[in-house]
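Beneath this line is the structure, given in structure tokens, with notes to follow.
Because the structure is predicted, anything quoted here is derived from the model rather than measured. Counting starts at 1 for both ligands and their atoms, in listed order.
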Amino acid sequence: MPDTITITDDRTGKTVTVPIEGGVFPASAVRELDPSLFIYDPAYMQTAACKSAITFLDGEAGILRYRGYPIEQLAERSTYLEVAYLLLNGELPNAAQLAQWQSDVTSHTFIHENMRKRFVDGFHYDAHPMGMLVSSLAALGTFYNDAKDIDSKPSRDKQILRLIAKTPTLAAMCYRFSVGLPFVYPSNDLSFPANFLNMMWKVGDYQVDPRLERAMDVLFILHADHEQNCGTTAMRVVGSSHADPYTSAAAAASALYGPLHGGANEAVVRMLTEIGHIDNVPAFIEDVKSGKGSRLMGFGHRVYKNFDPRATIIKKTAYEVFEVTGKNPLLDIALKLEEVALSDPYFIDRKLYPNVDFYSGLIYQALGFPVAMFTVLFAIPRTAGWLAHWQELLGDKEQKISRPRQWYTGTDAREYVPLVAR
Ligand code: ACO
């Protein structure tokens, strides 16, 4: 059977045949048929907008790989900084490269004092930490005029380093500001996750528990990339105009802020809190099914239709965290919900399974993070993924400024009506 597709325009009888490669055929086939013919694809459900060699995802089989490495192996054996290097460079670092990379990131964790004293201090006392982070990412770029030099590899590498190193510092700063605690400076003798936990929680003689440090690192690994999701697409779209990476990352973080994307674990915790007791689970499920209630948050995924491999890892991590922190009281409700939903034809028929957010909120809560910080925790590691895609985009000769077409459904041309005549 030939690996081609033939499209016929029945209006003209014109036919075009193009190759199918990796399950994709070029939209240029449509342009060849008729340059004024467009494909209507809201939410890009059936559109591959780029070639990418970073993350492989098979939703039917529940497979997620970064640069070919299964997420399960990376979560078990790697560290976030090693994974960030892998995403950005395509290969795992050797010992010397890893030591250099860790040292480079560590030596870029501090931020300009004016960011804190003049910028972050200017927020209202009850500003949402994610709103603060989004703005801070864009503001950070104003401190580095070389960031505009996106054609220079040394400059791009420098900005990548700065963004990966400084995002946890900004994130912790936004949190400490929102609760009125003094800012804790980065500690260069700590690992990436331990430094973040220290900047978050240091009061008195706080010491990072190594088990929680490892759990934080695993969560960072799981969230580091997820191919062309909403936030990464925002990064690519804004990056395609050759905006600097700080501005592009702020756009990506803005997309992540939405409850259908990075905000879902916050919604899971609210939902579990509302359910309140395992006895209320069956009635809640009935409300979801009848459409009387909300959706079952943390269930379902646009791409994963059998299981989300990250959810399996995160459930295991949840138990490891609870051994240190004590069990999150919402866990029993979550387990009951999962049990009931996974045996109910409504969820089975629609291929709805727990996604990464179903358990991550419970872990974050057990670690002491307020719900408003959940999306911020997602943004920290996703910075590596965003930047890997930004770098790939800039090196892709087939890419241009993003500019989709539209299906115009408005009125035809009409004469302007003066105000007195309306
Ligand atoms: N609870 C109940 N029913 C659901 C759920 C859910 N969580 N998700 C989907 N459905 C139902 C829909 O009502 C629809 O039913 P119908 O065919 O009878 O109309 C069917 O399943 C298909 O749903 P769609 O909305 O078409 O699926 P889509 O792929 O567009 O949505 C999404 C994916 C947004 C993740 C959806 O499953 C959802 O809203 N889940 C809850 C929010 C959530 O957990 N988001 C996190 C995603 S992971 C991330 O961003 C990191």
Side-chain angles (χ1 to χ4, degrees), residues 41-47 55 57-60 62 64 66 71 75 130 219-235 252-272 274-275 281-315 317 330 333-334 336-364 371 374-386:
D41 187 16
Y44 314 122
M45 300 268 292
Q46 212 65 26
T47 297
T55 289
L57 204 168
D58 181 336
E60 287 299 324
L64 173 61
Y66 297 158
I71 191 68
M130 188 60 180
L219 288 159
F220 283 166
I221 293 170
L222 296 182
H223 288 90
D225 193 43
H226 211 231
E227 51 118 304
Q228 312 307 320
N229 55 82
C230 184
T232 303
T233 300
M235 181 87 192
S254 305
L256 193 64
Y257 200 176
L260 292 186
H261 190 10
N265 49 13
E266 189 172 333
V268 171
V269 168
R270 289 192 208 289
M271 174 188 76
L272 296 173
E274 262 170 47
I275 294 173
V281 166
F284 179 83
I285 291 281
E286 284 314 309
D287 283 353
V288 169
K289 285 160 53 180
S290 67
K292 257 203 288 175
S294 71
R295 286 189 165 194
L296 179 48
M297 299 312 286
F299 261 65
H301 197 275
R302 170 60 58 78
V303 182
Y304 294 119
K305 297 299 175 193
N306 275 315
F307 70 97
D308 180 339
R310 301 167 301 172
T312 316
I313 302 166
I314 231 164
K315 192 170 173 183
T317 307
L330 298 177
I333 302 172
K336 185 73 186 167
L337 262 182
E338 190 183 5
E339 180 198 314
V340 173
L342 291 183
S343 58
D344 188 307
Y346 175 94
F347 297 93
I348 296 169
D349 294 349
R350 288 170 179 75
K351 299 191 167 206
L352 300 171
Y353 297 87
N355 59 46
V356 67
D357 289 320
F358 193 65
Y359 284 102
S360 64
L362 292 185
I363 305 182
Y364 293 151
V371 282
F374 289 4
T375 326
V376 173
L377 294 168
F378 194 154
I380 294 170
R382 186 52 63 85
T383 306
W386 292 332

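- The option with the heavy atom closest to atom 34 (C) of ligand 1, from among Arg302, Arg310, Arg295, His301, is Arg295.
- Shortest contact from atom 35 (C) of ligand 1 to any protein heavy atom: Gly300 O, 3.7 Å.
- Between Val281 and Glu339 there is no side-chain heavy-atom pair separated by less than 4.5 Å.
- Looking only at protein heavy atoms, the nearest one to atom 50 (O) of ligand 1 is His261 O, 3.2 Å.
- For atom 19 (O) of ligand 1, the nearest protein heavy atom is 4.0 Å or more away.
- Checking only distances, Leu296 does come within under 3.5 Å of ligand 1, N or O to N or O.
- The shortest side-chain heavy-atom distance between Phe347 and Ile285 falls under the 4.5 Å cut-off.
- Distances from ligand 1 to the non-hydrogen atoms of Arg382 include no value under 4.0 Å.
- A donor-acceptor pair is defined here as one N or O able to donate and one able to accept, closer than 3.5 Å; such a pair exists between the side chain of His261 and the backbone of Gly231.
- Protein non-hydrogen atoms do not reach within 4.0 Å of atom 22 (C) of ligand 1.
- Protein heavy atom closest to atom 10 (N) of ligand 1, with residue, atom name and distance, is Leu352 CD1, 3.6 Å.
- Looking only at distances, no side-chain donor or acceptor of Asp225 sits under 3.5 Å from a matching main-chain atom of His223.
- Nearest to atom 41 (C) of ligand 1 among the protein's heavy atoms is Phe299 O, 3.5 Å.
- When heavy-atom distances to ligand 1 are checked against a 4.0 Å cut-off, Arg350 comes that close only through its side chain, counted from C-beta outward.
- Contact annotation for Asn355 and ligand 1: only side-chain heavy atoms (C-beta onward) come within less than 4.0 Å of the ligand.
- The CE atom of Met271 sits 9.5 Å away from the CD1 atom of Ile333 when rounded to the nearest 0.5 Å.
- One finds the CZ atom of Phe299 at 11.5 Å from the CG atom of Asp308 (value rounded to the nearest 0.5 Å).
- His226 pairs with exactly one of Tyr66, Phe378, Tyr304 by the ring pair (Phe, Tyr, Trp, His ring centres under 6.0 Å) rule, that one being Tyr304.
- Atom 3 (N) of ligand 1 has as its closest protein heavy atom Tyr346 OH, 3.1 Å.
- No part of Lys289 comes within 4.0 Å of ligand 1, judged by heavy-atom distances.
- For ligand 1 and Gly298, the ligand atoms under 4.0 Å from any heavy atom of the residue are 43 (C), 44 (O).
- Counting heavy atoms from C-beta on, the side chains of Val340 and Phe284 never come closer than 4.5 Å.
- Given atom 46 (C) of ligand 1, the protein heavy atom at minimum distance is Ala264 CB, 3.4 Å.
- No side-chain heavy atom of Leu352 sits under 4.5 Å from any side-chain heavy atom of Leu296.
- Applying the salt bridge (charged side-chain N to carboxylate O under 4.0 Å, His left out) rule to pairs touching residues 252-267 yields Glu266-Arg270, sequence neighbours excluded.
- Listed by number with element, the atoms of ligand 1 under 4.0 Å from a non-hydrogen atom of Lys305 are 29 (O).
- Around atom 2 (C) of ligand 1, the closest heavy atom drawn from Val288, Asp357, Asp308, Asn229 belongs to Val288.
- Scanning the protein heavy atoms around atom 42 (C) of ligand 1, the nearest turns out to be Met297 CE, 3.3 Å.
- Heavy atoms of other residues, nucleotides or ligands lying less than 6.0 angstrom from CD of Gln46 number 12 at most.
- Atom CE of Met297 sits about 11.0 Å away from atom CG of Leu272, to the nearest 0.5 Å.
- In this structure, atom 28 (P) of ligand 1 has a protein heavy-atom contact shorter than 4.0 Å.
- Residue Phe378 has no N or O atom closer than 3.5 Å to an N or O atom of ligand 1.
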Under 3.5 Å, which donor-acceptor pairs do the side chains of residues 355-363 form with other protein atoms, sequence neighbours left out?
from   : atom 1 : to     : atom 2 : distance (Å)
Asn355 : OD1    : Asp357 : N      : 2.9
Asn355 : ND2    : Gly298 : O      : 3.4
Asn355 : ND2    : Gly300 : O      : 2.8
Tyr359 : OH     : Glu338 : OE1    : 2.4
Ser360 : OG     : Asn265 : ND2    : 3.2
Ser360 : OG     : Val356 : O      : 3.4

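- For atom 39 (O) of ligand 1, the protein comes within 4.0 Å by at least one heavy atom.
- Residue contacts with ligand 1: Phe358 is excluded, as none of its non-hydrogen atoms falls under 4.0 Å.
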